[in-house]
Amino acid sequence: MSLNFEIERFLLERGALKVGFATLETLSGGPPSADLEYILPEARSAISFALPLDREKIRAFLGKESHSAHERDNFEVNIRSSRLAKALAIWLEEKGFASKRVISNNIYRTEVEGWQLSMPPDLSHRYVAVRSGVGSFGWSGNVGIKGLGCTIILGTTVTEAELEPTDPVPEEESFCDRCKLCVAACPSGMFDAEEDTSVTLGGVTFAFSNRSSYTGCQFVCGGFTGLHKSGKWSTWSPGRYRLPDDEKELMDVFMRAVANYTKWPERTDGTGGYVNMALSDTSLRLTCANCQLICWGDKAATRENYRLLTKSGCVLQRENGDIDVLPSRDAARAFEKLTPEHKSLYE
Ligand code: SF4
Ligand code: SF4
């Protein structure tokens, strides 16, 4: 029985949806975050796998019925992914191969100047996943699987074992139909609807949408703001900042928003939150990820997710911390009636 087969069985028996294998060669020529030796100097291969998110909880999140149910599920699946990657590393070590798991999220190369803003990951789970055929890039740059879309969390283990690489997903097997609803669902306008960019890994080129500003995503994805520029819907964040196109102006507003965020009252709509190492003294909430969550790898289901999101209304936070979800006009009116001190914390 080959080691590839044994590893695949180990992961599938523990809930993985799909398993793939990449090597130093198949990741060669990629960006720094495709470098397996950064994780383990003696690395030769990486194992990629995907775990499922709970779709019912995603629907409730997008439709603003429940914030914390998906937030909790998301954190739990990320923890499960990190634990499974570690269990595999230990199992491989017992077979005599030096191995190391990669934490599922929120680990950055802190030696890179300005890492708090650029957030360079220690290893890109996405690159290993697309090169090994666990999933493919959608237009958003999220990784997905046919029939599941992007409702997955990736995991990776790096090892010195020499494994047989697996092939990328063929173009015709991609889950992405270029519907571009991920572009429409992004309040920060991060994705270009027409222009693409690409990454080349081991001689294979993968394309996805060109990005505008990463600061915009950090602004929204960090939970500091959430109102879509149409004013008609928001993420789960009560922030209502206008995001300037100019990067310098955007950074100024972002810094002000981060300072204001620390003065927001504690939310009363369920406990949750996480600490991002780039802002380690602040608890952040998962309020967006729309680009990932709406994409279910099925045209009708993705369209329905987009409908739910854009009809879900806007979030408003009261002075006592209560979170109200209101139709957009009511939210705008209620926001104007807040005390000037409280209002100034959100715009
Ligand atoms: S939302 Fe549409 S365009 Fe975007 S990644 Fe999913 S299928 Fe592709
Ligand atoms: S997480 Fe939200 S803000 Fe960030 S790119 Fe996705 S949709 Fe846009």
Side-chain angles (χ1 to χ4, degrees), residues 53 55 58-59 61-62 64 67 70-71 74 78 105-106 117-119 121 126 129-130 135-154 169 171-197 206-230 233-237 239-243 250 253-254 257 274 276 278 284-310 312 315:
L53 288 165
R55 291 178 157 221
I58 289 176
R59 278 251 157 109
F61 182 90
L62 292 170
K64 295 207 179 58
H67 179 200
H70 166 67
E71 188 186 37
N74 198 306
N78 271 280
N105 202 348
N106 197 14
L117 285 172
S118 60
M119 295 182 165
R126 294 184 309 142
V130 296
S136 55
F137 280 124
W139 180 252
S140 64
N142 287 300
V143 171
I145 297 175
K146 202 163 189 168
L148 288 170
C150 302
T151 58
I152 55 171
I153 296 293
L154 298 170
V169 174
E171 191 79 31
E172 62 278 12
E173 282 296 311
S174 168
F175 71 95
C176 177
D177 60 9
R178 298 293 196 258
C179 70
K180 311 279 173 79
L181 288 177
C182 46
V183 180
C186 175
S188 76
M190 166 123 132
F191 312 114
D192 196 291
E194 303 302 330
E195 206 178 306
D196 66 9
T197 185
F206 302 88
F208 46 86
S209 69
N210 199 19
R211 277 93 169 90
S212 58
S213 162
Y214 282 99
T215 313
C217 173
Q218 285 157 6
F219 204 150
V220 178
C221 197
F224 307 106
T225 195
L227 188 64
H228 185 258
K229 65 174 186 272
S230 66
W233 58 273
S234 77
T235 67
W236 276 101
S237 168
R240 297 175 72 89
Y241 295 87
R242 189 186 63 80
L243 306 191
L250 179 63
V253 183
F254 181 41
Y274 66 101
N276 185 296
L284 302 178
R285 298 296 298 264
L286 193 146
T287 57
C288 189
N290 293 344
C291 54
Q292 175 192 10
L293 300 181
I294 67 154
C295 181
W296 282 20
D298 171 279
K299 215 182 241 315
T302 301
R303 210 181 304 122
E304 172 60 8
N305 290 338
Y306 180 70
R307 190 194 67 77
L308 283 170
L309 173 68
T310 53
S312 67
V315 164

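Both counts, for ligands and for their atoms, begin at 1 and track the order of listing.
- Annotation: side chain of L243 is in contact with side chain of S188 (closest heavy-atom distance under 4.5 Å).
- Atoms of ligand 2 found under 4.0 Å from any heavy atom of F191, numbered from 1 in the order shown, are 5 (S).
- The aromatic rings of F224 and F254 sit perpendicular to each other, their planes meeting at more than 60°, with 30° as the lower class boundary.
- Protein N/O/S atoms found under 2.8 Å from atom 2 (Fe) of ligand 2: C288 SG.
- Between atom CG of residue N305 and atom CZ of residue R303 there is a gap of 11.5 Å, rounded to the nearest 0.5 Å.
- For Y241 and F219, the gap between ring centers is short of 6.0 Å.
- When each of L309, T302, T310, N290 is tested with L181 by the rule side-chain contact (heavy atoms from CB on, under 4.5 Å), just one qualifies, namely T302.
- Under the 4.5 Å side-chain criterion, counting only non-hydrogen atoms from C-beta, H70 is not in contact with R59.
- The closest approach between a heavy atom of F219 and any atom of ligand 2 is not below 4.0 Å.
- Contact of the P187 side chain with the T235 side chain is registered, since non-hydrogen atoms from C-beta on lie closer than 4.5 Å.
- Protein N, O or S atom count below 2.8 Å of atom 8 (Fe) of ligand 1: the structure gives 1.
- Side-chain contact between T197 and F208: present, with at least one pair of heavy atoms (C-beta onward) separated by less than 4.5 Å.
- At a threshold of 4.0 Å, the pair K299-D177 counts as salt-bridged, since one of the basic side-chain nitrogens sits closer than that to a carboxylate oxygen.
- A cation-pi arrangement is found for R55 relative to W296, the charged atom lying closer than 6.0 Å to the ring centre and inside a 45° cone about the ring normal.
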